[in-house]
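Structure record follows, encoded as structure tokens.
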Amino acid sequence: MKNLILLFLLFLAPAFAYKEGQKTKQNFSSSNNTSHKRLKRAWIWNQMHIKEEIDTPLPHHVGKIMSSVRNNNAKYILEGEYANIIFKVEEDSGDVYAFERLDREKKAEYELTALIIDRRNNQSLEPPSKFIIKVYDINDNVPVFVQKVFNGSVPEMSPVGTSVTKVTAVDADDPTVTGHATVTYQVIKGDEYFTVDDSGVIFTTRADLDRENQSTYEIIVKAKDAPGSSGDSSTATVIITLTDINDNFPVFKHPSFHFKVPENVSVGGEVGRVKVEDVDEPQHRNTKYSFVRGDYRDTFEIVANPFTNEGIIRPKKPLDFEKVAEYRFDIEATDPTVDLRYFKSGGSRSISTVTIEVTDVDEPPVFTKLPYDFKVRENDPEKRTLGSVWAHDPDTAKRKIRFSRRKASPNGDFIRISDTGIIQIPKPLDREFSASYNITVAAQEVLEDGRLSDRESHAQVHVIVTDVNDNAPELVYLEEPRVCENAAPGKVIVRISATDKDEVSPRGFFKYSLATEDSNFSLIENYDNTANITVKYGQFNRELAKIHYLPVIISDNGDPDLSSTNTLVISVCKCNEKGNFTFCEERPKQVGVSIQALVAIIICIFTIIVIVLLMLLLRKRHKKDLSGLGRNVAEIHEQLVTYDEEGGGEMDTTSYDVSVLNSVRKNGIKPEAVPSLYAQIQKPSGNITSGAGEMEIMIEVKKDEADNDRDLLPYDTLHIYGYEGAESIAESLSSLESGSSDSDIDYDFLNDWGPRFKMLAELYGSEPNEDFVY
């Protein structure tokens, strides 16, 4: 077949070359016919072609270019991209040679230009002519896959002939040549599971491909072309993944499960988890759990976790150890979404036994009734006990219960509860203050040692206060009543209504009336709980009264019937012809104090009066104690002092009566000889006067008072302040100006008296002109 094609091309080449030459000659002649006449010439050559990859020695003859020009000096030249590189021409004969082996897959044809010139002057003897050298294909290329590894997927358990993926290989040979670029495929590894057709599509050959047994397959596909010179082929790897379908039921991992849970587990809390195994992928795990045997469907529920596929057991109602200590039941796991077409043998049900052991805990008390509701009439002085609450210990210990109040609304000591749970009210309740009272009662167990358990339960107690008609209705009007002085009879002045703090009576209306008929006003009932105040006679006289006070009586229909008298203040105003008010006097402003403020003021005044009375009483008693001495208060300077009190100092010397101190000497009483720290001081001699023993008597009196008077503070010692005066033998005890005195006393002995006299020793032991810094 190949030889026939080559022969056919050889027959067509001369005709093609002749046509090209004629065309070139005509163009050249037409362009030069205006200048001069010349002989008709033409290029003469055969169609040029050459096979690729010729294995004979180079160069390879391609063809021959010829011209009709007869000139011994003619010379052939080639021009073009590959002229004189790959292709060269013999100057004299026109034979064209290829100096390289050609590859059609790199370049299938070459375009060159042929010239013939006079070698003497390089003048063209013929117009240039273009020609093409074609490279003929040989089957020298192997089909090559477009990629080394292909990937595909197919659902497991697919029927035979299901398409998986497609592979592609490319042959670089000429596709126009029969058999050169035709590719065929063949599975050389894995052909027992898959096959491939001539287009490269891979199909399944078995219907029992199970992902749970083998999830991936690696096959090798070979690509080859029609029998050629080499007959070589190439291969590629195809990785096929089986995708999952829901074809397996879940199976319990254990035949039984055992859980322990405290009895105080919350409703909806987790008791435990049962685990199943489903070999399908997570998106195909839709396990459903159900009870098979056991009467506990109303106690527990099993919910599947969508992420882990576990069954979570939760209580639907509170557990009680004292009632049921153990639960046992069977559960089943199944998957309703399994595709039964691919169902495998082995059963669609998996059953496991669940045992739940309830453990005992110390539970808080349990109220017997929730909530507690009580009713009481308001302002009932006899009603003190409303009822009681009751709770018990659910545990086997059966401890005593103590009750207490935790919260109250409204806040206050309106409702009390005893330790035994009795609800009491310390005083009558007022419905107008609050129509209902709510308290939270806590119940706690009393432990064996008397302490209260830290676990407690709560109950709500609601107290409803029923109404008693104890409030009279009150007058309500939306605007200030005003009337024109020339108002006509029957003119409506204002519409009044009433409000009542009590509940509205079932009869539901108020009665209105005037306290007196002796006025220029009348009252008309509207029978809708309102009434109109109208002008009775007309023509008011502003000179006589500019403001009228109209008493209105309002009564309700309660039991008992209550009424109130309310004063309606009506202003008489000047009006224009249209009846519009032009001038009204301002009403006197009523300044009042609320009852709460008045009570607070009275309490403050009473407190102040009590404080003043107490101060006066204490002062009077203090004066009585001082008068027992029989002397003027100003003459007594003895004081009971605390240890941290300082003496009066030098300023007190003028306030003491020196005769009191001398009275001890007059009675001949001599003090005991006590070594004095001041023995080194030489006092000037002088006469010592003696007086009556008043000081001694006074000291004894004060001692008796201190011993017998229980109201005095318990001072430890009795101090008597010594004082200086005109008759003192010590003269002045003041240290002022002593630094500048002419005394010749040596005060160095003060340094021996210890640190308490250090500053005094420095003052008296220094020079007079020395500066001191304090």
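Nearest approach of Ala236 to Phe150, heavy atoms of both residues: CB-CE1, 3.9 Å. Across Asp395 and Val361, no two heavy atoms sit closer than the pair OD1-O, 3.1 Å. Residues Pro410 and Ser434 share a closest heavy-atom pair of CD-OG, 3.7 Å. What you find for Lys222 and Ile188 is that their closest heavy atoms are CB-CG2, 4.0 Å. The two atoms that bring Gly387 and Phe374 nearest to each other are CA-CE2, 3.6 Å, heavy atoms only. For Ala459 against Leu370, the heavy-atom pair with the smallest separation is CB-CD2, 3.3 Å.
Put simply, the side chain of Glu212 reaches to within 4.5 Å of the side chain of Glu156, judged on heavy atoms. The closest side-chain heavy-atom distance from His462 to Pro371 is below 4.5 Å. At least one side-chain heavy atom of Ser404 sits under 4.5 Å from a side-chain heavy atom of Gln444. Considering only heavy atoms from C-beta on, Ile331 comes within 4.5 Å of Ile302 through its side chain. At least one side-chain heavy atom of Phe145 sits under 4.5 Å from a side-chain heavy atom of Val221. Between Ile464 and Asp373, the closest side-chain pair of non-hydrogen atoms is not below 4.5 Å. Residues Asp335 and Thr287 fail the side-chain proximity criterion, which asks for heavy atoms closer than 4.5 Å. Using a 4.5 Å heavy-atom threshold, the side chains of Phe403 and Asp419 count as separate.
Under a 4.0 Å N-O distance rule, the pair Lys288/Glu332 does not qualify as a salt bridge. Taking 4.0 Å as the cut-off between side-chain N and carboxylate O, Glu448 and Arg399 count as a salt-bridged pair. The residues Glu277 and Lys275 are annotated as not salt-bridged, no charged nitrogen and carboxylate oxygen being separated by less than 4.0 angstrom.
Ring to ring, Tyr296 and Phe291 are not that close: their centroids are 6.0 angstrom or more apart. Residues Phe433 and Phe414 place their aromatic rings such that the two centres sit under 6.0 Å apart. For Phe203 and Phe194, the ring centers are positioned 6.0 Å apart or more.
Side chains of Asn469 and Asp556: a donor-acceptor N/O pair is present below 3.5 angstrom, by distance only. For the residue pair Ser564 / Asn566, a side-chain donor-acceptor distance below 3.5 Å is found, with atom types taken as modelled. The closest side-chain donor-acceptor pair between Asn286 and Thr337 falls under 3.5 angstrom. Residues Glu218 and Thr237 bring no donor and acceptor atom of their side chains to less than 3.5 Å of each other. A donor-acceptor contact closer than 3.5 angstrom is absent between the side chains of Thr466 and Arg377. Donor-acceptor pairing under 3.5 Å is recorded for the side chains of Thr353 and Asp330. Of the N and O atoms on the side chains of Asn471 and Glu432, at least one donor lies less than 3.5 Å from an acceptor on the other residue.
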Subject >> From CA spacing to verdict: side-chain contact (heavy atoms from CB on, under 4.5 Å), Ile356, Ile313 >> reply: CA-CA 10 Å; Ile356 300 176; Ile313 302 177; 4.0 Å; yes
Subject >> side-chain contact (heavy atoms from CB on, under 4.5 Å) assessment of Leu475 paired with Ile554 >> reply: CA-CA 7 Å; Leu475 180 65; Ile554 307 175; 3.8 Å; yes
**OP:** Walk me through it: do His458 and Glu456 pass the test side chain to side chain donor-acceptor pair (under 3.5 Å)?
**Re:** CA-CA 7 Å; His458 301 90; Glu456 62 181 42; 2.7 Å; yes
Subject >> side-chain contact (heavy atoms from CB on, under 4.5 Å) assessment of Val468 paired with Asn379 >> reply: CA-CA 8 Å; Val468 174; Asn379 302 323; 5.5 Å; no
Original post:
Which is it for Leu523 and Ile533 under the side-chain contact (heavy atoms from CB on, under 4.5 Å) test, yes or no, and what are the steps along the way?
Top reply: CA-CA 5 Å; Leu523 185 147; Ile533 302 298; 3.7 Å; yes
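When atom types are taken as modelled, the side chain of Gln147 and the backbone of Val149 share a donor-acceptor pair closer than 3.5 angstrom. Judged purely by atom type and a 3.5 angstrom limit, Thr607 uses its side chain to pair as donor or acceptor with the backbone of Ile603. Side-chain atoms of His258 never come within 3.5 Å of backbone atoms of Val354 as a donor-acceptor pair (strictly under, hydrogens ignored). Judged by distance alone, the side chain of Thr184 and the main-chain N or O of Lys224 form a donor-acceptor pair under 3.5 Å. In this structure a side-chain-to-backbone donor-acceptor pair under 3.5 Å is missing from Ser388 to Gly421. Although no hydrogens or angles enter the test, the distance criterion places no donor-acceptor pair under 3.5 Å between the side chain of Ser153 and the main chain of Thr243. Formation of a donor-acceptor pair under 3.5 Å by the Asn532 side chain with backbone atoms of Ile524 is not found in this model. Counting only distance, with no hydrogens or angles, the side chain of Thr204 and the backbone of Thr162 share a donor-acceptor pair below 3.5 Å. The closest donor-acceptor contact from the side chain of Ser352 to the backbone of His254 lies under 3.5 Å. Side-chain atoms of Ser350 do not come within 3.5 Å of backbone N or O of Ala333 as any donor-acceptor pair.
Between the NZ atom in Lys383 and the CG atom in Leu429 there is a gap of 11.5 Å [rounded to 0.5 Å]. Rounding to the nearest 0.5 Å places CG of Asp210 at 11.0 Å from CZ of Arg206. Atoms OH and CD1, from Tyr372 and Ile417 in turn, are 9.0 Å apart once rounded to the nearest 0.5 Å. Rounding to the nearest 0.5 Å places CD of Glu363 at 9.0 Å from CD of Glu445. For the atom pair Ile611 CD1 and Phe606 CZ, the distance stands at 10.5 Å (nearest 0.5 Å). The CD atom of Glu322 lies 8.5 Å from the CG atom of Asp393; values are rounded to the nearest 0.5 Å.
Residue Lys398 places its NZ atom among more than 12 non-hydrogen atoms of other residues, nucleotides or ligands, all under 6.0 Å distant. Applying the 6.0 Å contact sphere to NZ of Lys375 captures no more than 12 heavy atoms from other residues, nucleotides or ligands.
Relative orientation of the Phe259 and Phe257 rings is parallel, given thresholds of 30° and 60° on the angle between their planes. A tilted orientation is assigned to the rings of Phe252 and Tyr289, their planes being inclined by 30° to 60°.
Under the salt bridge (charged side-chain N to carboxylate O under 4.0 Å, His left out) rule, Glu310 has a single partner from Arg285, Arg273, Lys253, which is Arg273.
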